[in-house]
Amino acid sequence: MEKDCVFCQIIRGEKAADFLYQDESLVVFKDIHPHAPIHLLIVPRRHIRSINDLTEQDRDVISEMILRAGEMAREHSIAESGYKLLFNVERGGGQVIPHLHLHLVGGWG
Ligand code: 5GP
Ligand code: ZN
């Protein structure tokens, strides 16, 4: 847990978020500035900076994030119509929050 990390603060309950799912390894909440009718963030509880920092021990959490994304898409009835999954990586890749997260965006119709 990083003291000044916004997503760690959300996970610790120090900052409000609209949670849709939580388990022992990850959380899902709505993006505060949605870029699509449905814009969710799938976030591991453990503070991992970015895809660049993944190690063997993160294998399970990454697969859980992707499986959960598919489940959230089904729950929001966008699995059939389609959606995007996106990891921004570091500043040049558009990553603003340095705590690994998977964007799920969709719902355009
Ligand atoms: P990034 O650009 O790092 O891949 O995406 C970070 C995302 O987190 C952005 O889409 C931004 O809108 C969202 N975000 C930033 N701060 C907060 C916050 O405090 N709460 C929530 N729910 N989303 C946030
Ligand atoms: Zn963090």
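Whatever order the structure lists them in is the order used to number ligands and atoms, beginning at 1. Just so it is clear, the model here is predicted, and its values are computed rather than measured. Each residue takes its place number in the sequence, starting with 1. Just so it is clear, the values below take in all heavy atoms, side chains as well, and ignore hydrogens, waters and symmetry mates.
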Trainee: Heavy atom to atom 13 (C) of ligand 1, shortest distance: which of L102, I10, D31 holds it?
Mentor: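 Residue with the shortest heavy-atom distance to the ligand atom: D31.
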
Trainee: When you measure from atom 22 (N) of ligand 1 to every protein heavy atom, which one gives the shortest distance, and what is it?
Mentor: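 Protein heavy atom with the smallest distance to atom 22 (N) of ligand 1: K30 O, 2.9 Å.
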
Trainee: Do Q22 and R45 have side-chain N/O donor and acceptor atoms under 3.5 Å apart?
Mentor: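 Per modelled atom types, Q22 and R45 side chains form a pair under 3.5 Å.
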
Trainee: Of the protein's non-hydrogen atoms, which lies at the shortest distance from atom 2 (O) of ligand 1, and what is that distance?
Mentor: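 Scanning the protein heavy atoms, the shortest distance from atom 2 (O) of ligand 1 goes to G94 O, 2.8 Å.
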
Trainee: Looking at atom 15 (C) of ligand 1, what's its closest protein heavy atom, distance included?
Mentor: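 For atom 15 (C) of ligand 1, the nearest protein heavy atom comes out as I97 CD1, 3.9 Å.
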
Trainee: Short list, please: which atoms of ligand 1 are under 4.0 Å from a heavy atom of H33?
Mentor: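 Those qualifying, in numeric order: 12 (O).
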
Trainee: For A17, state whether at least one heavy atom is located under 4.0 Å from any atom of ligand 1.
Mentor: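 No, A17 has no heavy atoms under 4.0 Å from ligand 1.
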
Trainee: Does ligand 1 have any atom that is closer than 4.0 Å to a heavy atom of H103?
Mentor: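 H103 counts as a contact of ligand 1 under the 4.0 Å cut-off.
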
Trainee: Would you mind naming the N, O or S atom of H47 nearest to the Zn ion (ligand 2)?
Mentor: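 Distance check against the Zn ion (ligand 2) picks out ND1 in H47.
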
Trainee: Check ligand 1 against N88 and write out every atom of the ligand that is under 4.0 Å from a heavy-atom position of the residue.
Mentor: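 Taking each heavy atom of N88 in turn, ligand 1 has 1 (P), 2 (O), 4 (O) under 4.0 Å.
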
Trainee: Backbone, side chain, both or neither: what part of V6 comes under 4.0 angstrom of ligand 1, heavy atoms only?
Mentor: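 The answer is the side chain.
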
Trainee: Considering only heavy atoms of V96, which atoms of ligand 1 have at least one such atom less than 4.0 Å away?
Mentor: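 In order of numbering, the contacting atoms are 1 (P), 2 (O), 3 (O).
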
Trainee: In H99, the N, O or S atom nearest to the Zn ion (ligand 2) is which?
Mentor: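 The Zn ion (ligand 2) is closest to the H99 atom ND1, counting only N, O or S.
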
Trainee: For atom 5 (O) of ligand 1, what is the nearest protein heavy atom, given as residue, atom name and distance?
Mentor: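 Closest protein heavy atom to atom 5 (O) of ligand 1: H101 NE2, 3.1 Å.
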
Trainee: May I ask you to say whether D23 pairs ionically with R68, meaning some side-chain N is under 4.0 Å from a carboxylate O?
Mentor: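 No.
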
Trainee: If we only consider heavy atoms of F7, is any one of them less than 4.0 Å away from an atom in ligand 1?
Mentor: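 Contact present.
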
Trainee: Parallel, tilted or perpendicular: which one describes the rings of H39 and H103, with boundaries at 30° and 60°?
Mentor: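 Aromatic pair H39/H103 classed tilted.
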
Trainee: Output yes when R74 and E80 qualify as a salt bridge under the 4.0 Å nitrogen-oxygen rule, no when they do not.
Mentor: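 Here R74 does not pair with E80 in a salt bridge, since their nearest N and O are not under 4.0 Å apart.
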
Trainee: Please check this pair: side chain of E14 against backbone of Q9, looking for a donor-acceptor N/O pair closer than 3.5 Å.
Mentor: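 Checked: no pair found.
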
Trainee: Considering heavy atoms of the protein only, find what lies nearest to atom 21 (C) of ligand 1 and give residue, atom and distance to 0.1 Å.
Mentor: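 Heavy-atom neighbour on the protein nearest atom 21 (C) of ligand 1: I32 CB, 3.4 Å.
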
Trainee: Considering only the protein, which heavy-atom contact is closest to atom 19 (O) of ligand 1, and what is its distance?
Mentor: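 It is K15 NZ, 2.8 Å.
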
